[in-house]
Structures are given as structure tokens and as C-alpha cells.
Amino acid sequence: MVLKSILSENSIQVVDSVSTWQEALKRASQPLLDSGVITGEYVTNMIKSVKDNGPYMVLTDYFALMHARPGEGVSRNGMSLLVTKKQVDLVGKPIKIFLVMAATDNTSHLKSLQNVMNVFMDQNAYQTILKGNRDKIIELFN
């Protein structure tokens with residue numbers, strides 16, 4: 001599977017800073033909203049999930065895999081990425097990378113997620129993403 005079909009250039013954003021994790025999540029979700037992959041309900045559900053369950057979406061230093069219950073507000077599987085050059089607090093955890101994952105069901109997105117996470121698990125690639133150079137980040141997923 002080609003990574004750019006999962007995480008396209010249009011769905012990768014880099015910004016200097018955001019004031020809150022909710023703002024970061026909304027910005028990260030915008031490409032998926034614009035393309036009809038998700039609705040506002042999905043964004044609301046992701047925010048509610050963090051408020052209800054804490055920062056469980058933080059997988060490692062500076063990285064959060066944002067998601068909500070599959071299917072609710074999701075028309076098709078998709079991902080988008082926001083990198084902030086300055087960290088933002090997500091319920092006590094410093095985050096710079098917001099990867100939004102939208103899934104229609106519990107299983108159809110797993111292969112795509114595995115392929116994308118392989119990039120994040122490569123330490124050199126992870127450092128490149130953390131530095132926030134959009135062109136270099138796009139290269140990682142092409």
C-alpha cells in the first residue's frame with residue numbers, strides 16, 4: 001500500500017504553535033472535514049473521548065494518535081497530520097504531533113495504520129517529523 005494514498009500531501013500541516021490541544025485537533029482534522037472523510041461529530045467525539053478518558057491517545061513523547069469510536073461521523077477511512085513546532089499541553093502531556101485517524105469499522109484501517117506507524121517508529125523519520133519541515137515530512141510518506 002502506498003503511504004501517500006493514506007496520508008496525502010494535502011493532509012499534512014505544519015504550524016508554529018496553537019494555543020490548546022483542542023485547537024490543534026480541529027486544525028489537524030480540517031483536511032478530513034474538507035474532503036468529507038469525517039463530520040464535525042467525529043471531532044466532537046475525539047475531544048469528548050480525551051475529556052472522559054484522559055490522555056490515553058498519547059503513544060510516546062510528543063505524539064498523539066487522535067481518534068474516536070469507529071463509524072460515528074466517518075464516511076471512509078482516512079488520516080491527517082498536524083505538527084506544531086512548539087509543544088502544546090494535552091492533559092499534562094506535551095504534544096507536537098497530532099495524527100488523526102478516522103475509521104469506518106474496527107478492522108479495515110489496521111493495515112494503513114501499521115504502514116504509517118512504521119514511519120513514526122523509525123527514529124530518524126520521527127526526528128524529521130518533530131523538526132517540522134513540511135517538505136521533508138511529505139517525502140517520508142511518498
Side-chain angles (χ1 to χ4, degrees), residues 1-40 42-51 53-142:
M1 181 171 280
V2 182
L3 282 173
K4 67 181 172 184
S5 68
I6 303 164
L7 198 55
S8 70
E9 183 174 339
N10 294 338
S11 64
I12 297 172
Q13 304 172 73
V14 175
V15 298
D16 283 330
S17 64
V18 291
S19 52
T20 66
W21 67 266
Q22 293 94 329
E23 179 190 343
L25 179 56
K26 289 173 184 172
R27 287 187 76 159
S29 301
Q30 198 59 53
L32 298 175
L33 288 163
D34 292 346
S35 61
V37 171
I38 62 172
T39 66
Y42 192 72
V43 178
T44 300
N45 288 346
M46 287 188 284
I47 291 170
K48 184 178 183 325
S49 187
V50 171
K51 288 182 176 176
N53 303 303
Y56 74 96
M57 296 182 201
V58 178
L59 302 184
T60 190
D61 292 343
Y62 306 111
F63 178 81
L65 176 60
M66 307 302 293
H67 60 282
R69 187 176 308 281
E72 295 177 13
V74 179
S75 64
R76 63 185 185 277
N77 292 341
M79 290 188 196
S80 60
L81 176 66
L82 175 74
V83 178
T84 63
K85 292 185 180 180
K86 293 183 181 138
Q87 69 191 32
V88 63
D89 181 78
L90 192 156
V91 195
K93 303 283 186 177
I95 304 298
K96 289 184 172 184
I97 301 168
F98 292 83
L99 179 64
V100 176
M101 179 183 65
T104 56
D105 58 43
N106 288 325
T107 58
S108 63
H109 65 287
L110 295 177
K111 186 66 177 165
S112 299
L113 179 60
Q114 179 183 7
N115 289 336
V116 169
M117 291 310 293
N118 283 340
V119 174
F120 283 99
M121 290 178 1
D122 177 286
Q123 277 306 309
N124 291 330
Y126 189 71
Q127 291 304 314
T128 297
I129 295 166
L130 271 178
K131 288 177 184 160
N133 180 317
R134 185 171 182 269
D135 291 336
K136 289 184 178 179
I137 294 168
I138 289 167
E139 283 177 25
L140 292 173
F141 293 99
N142 275 321

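Scope of the values below: all heavy atoms of this structure, side chains included, with no hydrogens, waters or symmetry mates.
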Task: Within-4.5 Å side-chain heavy-atom neighbours: I97 and Y126 - done: yes
Open item on the list: Other residues, nucleotides and ligands only: do more than 12 of their heavy atoms fall within 6.0 Å of NZ on K96?
Closed with: yes
Task: Euclidean distance, I129 CD1 relative to K136 NZ, rounded to 0.5 Å - done: 13.0 Å
- [ ] Taking the side chain as every heavy atom from C-beta outward, state whether L140 and D122 have any atom pair closer than 4.5 Å.
- [x] no
TODO: Evaluate whether atom CZ of R69 has more than 12 neighbouring non-hydrogen atoms of other residues, nucleotides or ligands under 6.0 angstrom away.
DONE: no
Open item on the list: Please determine whether side chain to side chain contact (heavy atoms under 4.5 Å, CB included) holds for the pair E23 and V88, giving the CA-CA distance in whole Å, both sets of side-chain angles, and the decisive distance to 0.1 Å.
Closed with: CA-CA 10 Å; E23 179 190 343; V88 63; over 6 Å; no
Task: Close side-chain approach of L33 to K26, heavy-atom, < 4.5 Å - done: no
TODO: Could you tell me the separation between the CD atom of Q123 and the CG atom of L130, rounded to the nearest 0.5 Å?
DONE: 9.0 Å
Task: Nearest-0.5 Å distance that lies between atom CD in E139 and atom CG in N133 - done: 8.0 Å
TODO: Please report the closest heavy-atom contact between G73 and Y42, naming both atoms and the distance.
DONE: O-CB, 3.7 Å
- [ ] Look only at the side chain of R134 and the backbone of V83, and say whether a donor-acceptor pair between them is shorter than 3.5 Å.
- [x] no
Open item on the list: Distance check, rounded to the nearest 0.5 Å: S49 atom OG versus L25 atom CG?
Closed with: 10.5 Å
Open item on the list: Over 60° means perpendicular and under 30° means parallel, so tell me whether F120 and F141 are parallel, tilted or perpendicular.
Closed with: tilted
Task: Closest contact, heavy atoms only, S108 versus N77 - done: OG-ND2, 2.9 Å
TODO: In sequence, state the C-alpha distance, the side-chain angles, and the governing distance for L65 and L113, and then conclude on side chain to side chain contact (heavy atoms under 4.5 Å, CB included).
DONE: CA-CA 10 Å; L65 176 60; L113 179 60; 4.1 Å; yes
Open item on the list: To check you understand the geometry: which heavy-atom pair defines the closest contact between V91 and P55, and what is its length?
Closed with: O-CG, 3.7 Å
Task: Heavy-atom pair with the smallest gap, counting every atom of S80 and L32 - done: OG-CD1, 3.5 Å
Task: Test item: S75 side-chain N/O and I38 main-chain N/O as donor-acceptor pair under 3.5 Å - done: no
Task: Euclidean distance, H67 NE2 relative to M79 CE, rounded to 0.5 Å - done: 11.5 Å
- [ ] Please tell me if the side chains of L90 and M57 come closer than 4.5 Å, counting only heavy atoms from C-beta onward.
- [x] no
Task: Nearest non-hydrogen partners of M46 and S29, listed with the distance - done: CE-OG, 3.5 Å
Task: Where A28 and Q13 come nearest, the two heavy atoms and their spacing - done: CA-NE2, 3.8 Å
- [ ] With side chain to side chain contact (heavy atoms under 4.5 Å, CB included) as the test, would you mind laying out the steps for M66 and V50 before giving the verdict?
- [x] CA-CA 9 Å; M66 307 302 293; V50 171; 3.9 Å; yes
Task: Reported OG1-to-CG distance for the pair T84 and D16, which is rounded to 0.5 angstrom - done: 9.5 Å
